[in-house]
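Only one structure is covered here, and it is reproduced in the block below.
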Amino acid sequence: MGKNVVQKIFSAHLVSGRIKTGEEIAISIDQTLTQDATGTMAYLQFEAMDIPRVKTKLSVSYVDHNMLQTGFENFDDHLFLQSFAKKYGIYFSKPGNGICHQVHLERFGVPGETLLGSDSHTPTSGGLGMIAIGAGGLDVAIAMAGGSFYITMPKVVLVKLSGALRPWVTAKDVILELLRIVTVKGGVGKIFEYGGDGVKTLAVTERATITNMGAELGALTSVFPSDAQTRKYLKMQGREGVWKPLKADPSAQYDEVVEIDLSALEPMIARPHSPDNVCKVSEVKGTKVQQVCVGSCTNSSYYDLMAVAAMLKGKKVHTDVSLTISPGSRQVLEMITRNGALVDMVAAGARIVEVSCGPCIGMGQAPPSAGVSVRTFNRNFEGRSGTSNAQVFLASPETAVVAALTGVISDPREFGEPVVVKQPKHFIIDDSMIIPPSENPQNESIVRGPNIKPLPKKEPMPDTLQGDVLLKTGDNITTDHIMPAGAKVLPLRSNIPAISEFVFEKVDKEFAKRAKEKGGGFLVGGANYGQGSSREHAALAPMFLGVKAVITKSFARIHRANLVNFGILPLTFENENDYNAIEQGDRLELPDIKNRLKSKGKIVVKNATKNNEIKVTHSLTPREVDILCFGGLLNYQAQGGK
Ligand code: MIC
Ligand code: SF4
């Protein structure tokens, strides 16, 4: 039987297991990436493994998130990361060089290879034909140490594209349409592989917009074949040498098929507060807008920004709108500066923000109270923008610019003649802000500022777990709810005791205090608990506060893995209705838990307050059970676990 692209890359990297849906497999990792907000922890964990040099083909440490530098913390972290990279064999991309995913696509991605990154949008490089997966920092640290990455083999969904996009309809509209169909939880346990005739009409940066925001489906990753478009892009980046063709065999099989006719698509928009709350732009047209933000790892390629500049040329941003533009990489910024497009943006009244994640992660540019902000980003979770009652919409750069010019959400097809962006023959290549590792690592020392605190430790799991329900939440709780980001909290990413004070801050201000007073306890959640970011702080900080288990209707993939990595037991209700049988404040006991996990026995939760018992279950592999019993992955590894 023929193979699909996913099976081809997995077979070439298989370390153990069988490539069969639902079975645990381990794959080898060629490349890793980290960004600064997750990187410090990942490197502290790597350091704890006592390995002199990374064992991957390539590891890159980026700085793109924590760049406001309102105190010493951010710069201290940058210096730590730079010195660490030099010593341990990692390339360091300096602040200002670009958003990790954009730069990785431009300068490092290789078709057919595997990439593990401590950021949920790592699948961006799937646009180049890589299997690129987002994970917690600890999993990335293990990959850097030469360890395998363990996953349950997902289903492979073919997204069959036909036709070609019509004017004013973009790659962003393709992924918004897929989010509308599949929803933010519909992709859990799946990989989306793109195929069909429509694929060849999409440039690599358009593909990357799609694979980037595929993270919002809850999928493990998304991948495109590697073809003539891929070769062209790599050639423009001066890297044609790494190109290789990669496509599904004609007889390849898929678990599911979704068909999208590109020529039938219209401009789409995600309404507040979820990336799958998608409708046609025409359905919300006329909505008054106060802010428009162009940028983020989803939509800040050269092509995107050239289209934006062409639309702004000779026009003025509406008097009631603030338009910000944050280019995705220095390469893009340099190109639009040299060719004059930046002047068109500035002359139109755009506010140029530095090359970084910026407003996407609430680092500045918070919208006004109850304001409407149209953003080209990938997430519009409540409060993520920095303003809790802001109404954030997600759309293509084209739709965003029309809103900036007219002051209301408008269908870009009514704007006028479509813009045509000519691709350059070559991109400007200047890797001077990427610092290679040292040839003499023994001479390098690590710079460690006072904000960088040692990793907290966890004891092995006791025989019985006991405690109160500290919080009960609804469905689709995001890691932004659990461990907020933004300008106030992000600088504390290297300091778990300090950042723990902010756990669930936006949901319940008293949470951290209560957790500490009660000596820890349990969390109860609805479906798709922990969707969104890969931040392991959403597990590490609750662990620090004594959270022992989380009981939900279902989990998002990366967060579930992070809970296991830090020794917090992820359980699901056997009968979803039992969610209604537990309340916040109830006293729970999970008797004989360790044995029951190991012997695959029935797990019961005794509710002493309600005087009843409910059945819970789990999807843990034997390896994950061992990790949990040891009190997390670092302890497990230290005991010789693989
Ligand atoms: C995000 O988009 O939420 C982030 C910030 O990039 C996170 C990583 C983090 O929390 O540091 C992600 O997507 O994984
Ligand atoms: Fe940065 Fe936003 Fe992309 Fe996350 S989604 S990596 S915060 S630009």
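Values in this document were obtained by computation on a predicted structure and should not be read as measured data. Remember, it's 1-based here, ligands and their atoms both numbered in the order they're listed. Heavy atoms only: backbone and side chains are in, while hydrogens, waters and symmetry mates are out.
- Distances below 4.0 Å separate heavy atoms of C297 from the following atoms of ligand 2: 3 (Fe), 5 (S), 6 (S), 8 (S).
- Note on E216 versus K185: no salt bridge recorded, every NZ/NE/NH1/NH2 to OD/OE distance being 4.0 Å or above.
- For atom 8 (C) of ligand 1, the closest non-hydrogen atom on the protein side is Q35 NE2, 3.1 Å.
- Counting the atoms of ligand 1 from 1 in the order shown, those under 4.0 Å from a heavy atom of R535 are 1 (C), 3 (O), 5 (C), 9 (C), 10 (O).
- Side-chain contact annotation: T298 with N212, donor-acceptor N/O pair under 3.5 Å present.
- Listed by number with element, the atoms of ligand 2 under 4.0 angstrom from any heavy atom of H65 are 1 (Fe), 4 (Fe), 6 (S), 7 (S).
- For ligand 2 and S296, the ligand atoms under 4.0 Å from any heavy atom of the residue are 8 (S).
- In summary, the atoms of ligand 2 found under 4.0 Å from a heavy atom of N378, numbered by their order in the structure, are 5 (S).
- The proximity of N212 to ligand 2, defined as any non-hydrogen pair under 4.0 Å, does not occur for either the backbone or the side chain.
- Residue contact check: I361 has heavy atoms under 4.0 Å from atoms 7 (S) of ligand 2.
- Per-residue contacts place D119 under 4.0 angstrom from the following atoms of ligand 2 (heavy atoms of the residue considered): 6 (S).
- If you check which protein heavy atom lies closest to atom 12 (C) of ligand 1, you get S120 OG, 3.3 Å.
- Residues R493 and D77 are not paired through a salt bridge, judged by the lack of any N-O separation under 4.0 Å between the basic side chain and the carboxylate.
- Residues S59 and V54 have side chains in contact (heavy-atom distance under 4.5 Å, counting atoms from C-beta outward).
- Taking only non-hydrogen atoms, the option from H65, R384, R493, M363 nearest to atom 2 (O) of ligand 1 is R384.
- To the nearest 0.5 Å, atoms OG (S296) and NE2 (H121) are separated by 8.0 Å.
- Inspection of the H104 and Y62 side chains reveals an N or O donor paired with an N or O acceptor under 3.5 Å.
- Among the atoms of H101, no N, O or S atom is found under 2.8 Å from atom 3 (Fe) of ligand 2.
- Using a 4.0 Å cut-off between heavy atoms, I361 contacts ligand 1 through its side chain alone, with no backbone atom that close.
- Under the 30°/60° scheme for interplanar angles, the aromatic rings of H559 and Y529 are found to be tilted.
- Using a 4.0 Å cut-off between a side-chain N of Lys or Arg and a carboxylate O of Asp or Glu, E47 and R448 qualify as a salt bridge.
- Few gaps surround NZ on K453; more than 12 heavy atoms of other groups in view lie less than 6.0 Å from it.
- Of all protein heavy atoms, the one lying nearest to atom 1 (Fe) of ligand 2 is C357 SG, 2.3 Å.
- Taking every non-hydrogen atom of S533 and a distance limit under 4.0 Å, the qualifying atoms of ligand 1 come out as 3 (O), 7 (C), 8 (C), 9 (C), 10 (O), 12 (C), 13 (O), 14 (O).
- For atom 2 (Fe) of ligand 2, the nearest non-hydrogen atom of the protein is C360 SG, 2.3 Å.
- Those atoms of ligand 1 with a heavy atom of A37 less than 4.0 angstrom away are 11 (O).
- Under a 4.0 Å N-O distance rule, the pair K488/E505 qualifies as a salt bridge.
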